[in-house]
Number of protein chains: 4
Amino acid sequence: MPKLGMEPIRKAALVEATIAEIGASGSLDVTVSQIAKRAGVSSALAHHYFGGKEQILQAGMRQVLADFGAKVRAALVASKGPRGRVDAIIAASFEVGNFRRDVVAAWLNFYVLAQTSPDASRLLVVYQRRMHSNLVYALKPLIGVRAPDVARGIAAMIDGVYIRQALHGGTPDSNGARSLVQDYLDMCLRDQA
Amino acid sequence: MPKLGMEPIRKAALVEATIAEIGASGSLDVTVSQIAKRAGVSSALAHHYFGGKEQILQAGMRQVLADFGAKVRAALVASKGPRGRVDAIIAASFEVGNFRRDVVAAWLNFYVLAQTSPDASRLLVVYQRRMHSNLVYALKPLIGVRAPDVARGIAAMIDGVYIRQALHGGTPDSNGARSLVQDYLDMCLRDQA
Amino acid sequence: MPKLGMEPIRKAALVEATIAEIGASGSLDVTVSQIAKRAGVSSALAHHYFGGKEQILQAGMRQVLADFGAKVRAALVASKGPRGRVDAIIAASFEVGNFRRDVVAAWLNFYVLAQTSPDASRLLVVYQRRMHSNLVYALKPLIGVRAPDVARGIAAMIDGVYIRQALHGGTPDSNGARSLVQDYLDMCLRDQA
Amino acid sequence: MPKLGMEPIRKAALVEATIAEIGASGSLDVTVSQIAKRAGVSSALAHHYFGGKEQILQAGMRQVLADFGAKVRAALVASKGPRGRVDAIIAASFEVGNFRRDVVAAWLNFYVLAQTSPDASRLLVVYQRRMHSNLVYALKPLIGVRAPDVARGIAAMIDGVYIRQALHGGTPDSNGARSLVQDYLDMCLRDQA
DNA sequence: AATGAATGAGGATTCATTCAT
DNA sequence: GATGAATGAATCCTCATTCAT
């Protein structure tokens with residue numbers, strides 16, 4: 001009986017290392033060796049478990065998106081009422097776990113990856129669709145037919161804040177980011193009366 | 001018979017080729033040879049004129065930012081009144097010359113480049129500052145003390161629309177983009193009353 | 001519950017898989033993993049039983065030579081008279097079991113292996129010697145002193161037909177091959193009168 | 001004005017080195033670096049000029065076949081009458097330039113390469129066809145309708161002698177080889193009377 | 001008996017960069 | 001002014017082999 005069950009452990013470590021490495025270097029030009037070393041394994045093992053660099057990067061991306069989605073879902077579950085739902089989505093987007101230096105850098109690079117890799121593109125599109133429908137579902141009761149447009153505005157603003165954050169080295173300002181978007185929302189709600 | 005004055009011509013061709021190549025590949029992983037070939041010269045010449053790949057990329061970036069700035073300035077000159085100035089900035093941002101598939105891809109990649117290269121970062125920061133002060137200057141007469149916040153909101157939304165556009169292959173929808181941001185502006189203006 | 005007597009079974013399966021894999025790929029560039037997978041075991045087991053890739057390949061080679069030798073011997077036993085012996089050797093060489101696409105490919109590759117591995121070389125030399133002495137023994141009563149030369153001619157022709165077969169994908173033409181060599185033999189016999 | 005015209009020189013050196021290296025190692029498992037080093041250049045240059053290992057090997061093969069073909073043609077030109085033509089082909093096949101330790105090893109490995117590479121296969125098939133038609137053309141006046149069969153016999157015997165030579169390290173015995181095949185031819189000619 | 005886990009060594013390939021002309 | 005020639009360094013990937021269980 002050989003040592004068993006290492007695969008999920010190694011894969012998780014490698015995925016985490018991938019995100020960290022992309023975050024640290026701010027680029028997709030990360031060598032498999034760097035990732036593997038950070039995960040404490042040989043680069044050969046990384047290839048063994050993932051098949052190739054492309055898949056390693058994708059796994060990292062999937063993880064970031066999954067983490068993000070999970071936090072949004074959790075926030076939604078804990079929210080109350082339509083307005084609460086929208087607030088929850090916005091808050092989750094800038095929550096400390098998501099709105100982190102390395103994660104933001106990773107996001108940025110995933111957009112770049114999507115330019116090249118259809119798989120990466122698909123993942124991002126799916127994420128965007130989910131975000132959109134979440135927002136629309138929550139906004140409908142509040143602003144009716146304008147929901148899709150406002151959803152688009154909120155989503156764009158969130159992404160914009162992310163990309164701008166990527167440019168500034170410092171610790172992300174979650175509160176500032178959140179209030180910027182929420183002010184927008186408030187205005188939209190006031191505006192309809 | 002040494003050709004005189006070839007340098008600016010070659011450099012311009014190389015810069016243009018750089019942008020095109022980044023746009024076409026959607027990535028900074030462009031080889032100097034590719035760029036040089038597109039410009040119709042040898043890669044050695046590219047090095048001769050620019051010193052290295054880093055500088056070539058930076059020149060491309062500078063060019064994109066300069067083009068963008070020039071268009072904004074031109075729009076501002078032709079504009080009338082504070083509101084006209086803001087409209088002009090928004091319109092220029094999504095004008096067909098700027099809001100183009102390859103240029104958008106280039107922008108995205110410059111944000112990535114900025115993660116690594118201090119020079120690139122500086123260029124982008126300067127661009128953002130100028131954009132911000134342009135917006136604030138125009139907004140001040142309209143909304144007074146809220147101008148900086150609204151400027152931030154507009155800028156974030158513009159960048160967000162750009163990055164989202166980078167994900168979708170099709171021809172950019174300038175009108176949709178512009179009206180999204182302008183609706184936001186309209187709301188802000190209405191909101192103060 | 002340790003299974004007893006598994007070793008010969010596994011080894012046989014691995015040897016067979018080796019030949020099949022070489023035949024299928026037409027090359028010695030077969031990974032131990034491929035062989036092991038075809039045999040339904042882990043590559044570690046293959047090493048455990050054989051010691052290394054070199055030995056695995058050699059075992060495959062030994063098997064092919066042994067199969068060949070066994071068929072020749074069987075044919076000799078069933079043959080009648082000197083002429084019958086020679087015919088038997090030729091027929092056995094192109095018998096369907098030996099003159100098969102994958103086996104032919106394996107043969108070819110064993111000649112290559114012999115260039116590198118002294119062991120492989122020795123095996124082939126032994127095979128050739130046996131073939132030669134078998135032929136000479138059968139030919140002596142028929143053509144006396146010319147036996148060695150004719151044996152050499154027959155052997156060369158057989159090998160030549162094999163190598164040429166390796167080049168053409170189709171099903172080997174046993175009859176054509178056999179009659180080519182036997183015509184040569186007939187002529188030799190006629191020629192002495 | 002850069003250094004010019006190096007390409008054909010380098011390519012020739014690399015091709016020669018390829019053959020030598022295959023001959024020396026007796027295998028296609030030759031690294032591009034080995035070849036390049038023998039040719040006195042970097043492995044990068046080898047890739048630059050040939051595109052990849054596959055093409056390098058093929059160029060080597062092409063060269064061997066071309067050399068062989070050239071020698072056969074030269075021998076044919078210098079020959080007299082039908083019988084002279086056949087003799088010339090046989091003699092050229094075992095001429096010292098062709099029937100050399102490393103060249104023989106290269107031939108053997110090209111047959112292996114042909115198992116994998118359609119291009120290599122095509123080259124060998126072309127060579128065989130030419131050899132066959134050369135032989136048939138020369139044999140027709142001598143033995144009429146039997147020409148194709150005898151041509152096949154001669155060709156098979158030549159290839160067989162080659163492959164057997166590959167197994168024995170020593171200096172090839174050109175005379176022995178030639179007389180073996182020519183005895184076969186003599187017999188065929190005598191036999192028809 | 002058997003295997004999943006793991007790696008070190010090596011190889012093809014790419015590319016920015018330099019240099020002589 | 002311009003380029004073909006050339007390379008060193010780096011990267012992805014493969015694979016035989018070992019080991020603990």
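First the proteins, then the strands, lettered A, B, ... as listed; each starts at 1.
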Engineer: Rounded to the nearest Å, what distance is computed from the CG atom of residue A:Leu4 to the C1' atom of nucleotide E:dT3?
Structural biologist: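 Value for this atom pair: 8 Å.
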
Engineer: Would you indicate what A:Tyr49 reaches in the nucleic acid, counting non-hydrogen atoms under 4.0 angstrom: base, sugar-phosphate, or nothing?
Structural biologist: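 Since only primed, P, OP1 and OP2 atoms lie under 4.0 Å of A:Tyr49, the category is sugar-phosphate.
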
Engineer: Where the side chain of C:Met6 is defined as all heavy atoms beyond and including C-beta, which of E:dA2, F:dA5, F:dC12 is the nearest nucleotide?
Structural biologist: E:dA2

Engineer: For C:Ala46 and for B:Glu54, find the nucleotide of DNA chain E with the closest heavy atom, then tell me which residue's nucleotide is more 5'.
Structural biologist: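 Closer to the 5' end of DNA chain E: C:Ala46.
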
Engineer: Could you check how far CG of C:Leu45 sits from C1' of F:dT18, rounded to whole Å?
Structural biologist: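 From C:Leu45 CG to F:dT18 C1': 14 Å.
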
Engineer: With a cut-off of 6.0 Å (strictly less than), are more than 12 heavy atoms of other residues, nucleotides or ligands near NZ of C:Lys11?
Structural biologist: yes

Engineer: If you assign each of A:Val30 and D:Gly5 to its closest nucleotide in DNA chain F, which residue comes earlier from the 5' end?
Structural biologist: D:Gly5

Engineer: Is a donor on one side and an acceptor on the other found under 3.5 Å between the side chain of D:Ser25 and the backbone of D:Glu21?
Structural biologist: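 Side chain of D:Ser25 to backbone of D:Glu21: a pair is present.
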
Engineer: Return the value, rounded to whole Å, for the distance between atom NZ of C:Lys37 and atom P of F:dC15.
Structural biologist: 12 Å

Engineer: For F:dA20, what is the paired nucleotide under Watson-Crick or G-U wobble rules, both distances under 3.5 Å?
Structural biologist: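 Because both required distances fall under 3.5 Å, F:dA20 counts as paired with E:dT3.
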
Engineer: Provide, to the nearest angstrom, the distance between the CD1 atom belonging to C:Ile35 and the P atom belonging to F:dT17.
Structural biologist: 11 Å

Engineer: A side-chain contact here means heavy atoms from C-beta on lying under 4.5 Å apart; do B:Leu57 and B:Ile22 qualify?
Structural biologist: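 When only atoms from C-beta onward are counted, B:Ile22 and B:Leu57 do touch, with a gap below 4.5 Å.
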
Engineer: If you count the non-hydrogen atoms of other residues, nucleotides and ligands that lie under 6.0 Å from CD in A:Glu16, is the total more than 12?
Structural biologist: no

Engineer: In whole Å, what is the span from the CG atom of B:Asp29 to the P atom of E:dA16?
Structural biologist: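 After rounding, the gap between these two atoms is 9 Å.
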
Engineer: I want to verify a distance call: between E:dT17, E:dT7, F:dA6, whose nearest atom is closest to the B:Lys53 side chain?
Structural biologist: E:dT17

Engineer: Quick one: does C:Gln115's side chain have a donor or acceptor within less than 3.5 Å of a partner on D:Ser27's backbone?
Structural biologist: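 Checked: no pair found.
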
Engineer: Both B:His48 and D:Gly40 contact DNA chain F. Taking the nearest nucleotide for each, which residue is further toward the 5' end?
Structural biologist: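 Looking at the nearest nucleotide for each, B:His48 comes out on the 5' side.
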
Engineer: Heavy atoms from C-beta onward define the side chain here; which of E:dT7, F:dA16, E:dT3 lies closest to that of A:Ser42?
Structural biologist: E:dT7

Engineer: To the nearest angstrom, how far is A:Glu21 atom CD from F:dC12 atom P?
Structural biologist: 12 Å

Engineer: Does A:Arg10 have a side-chain nitrogen or oxygen under 4.0 Å from the phosphate oxygens OP1 or OP2 of E:dA5?
Structural biologist: no

Engineer: How long is the line joining NZ of C:Lys11 and P of E:dA1, in whole Å?
Structural biologist: 12 Å

Engineer: Taking for each residue the nucleotide of DNA chain E with the nearest heavy atom, is it C:Val41 or B:Val32 whose nucleotide lies nearer the 5' end?
Structural biologist: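 Result: C:Val41.
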
Engineer: To the nearest Å, how far apart are C:Gln58 CD and F:dA16 C1'?
Structural biologist: 16 Å

Engineer: Counting side-chain heavy atoms from C-beta on, which of E:dT7, E:dT14, F:dA5 comes nearest to D:His47?
Structural biologist: E:dT14

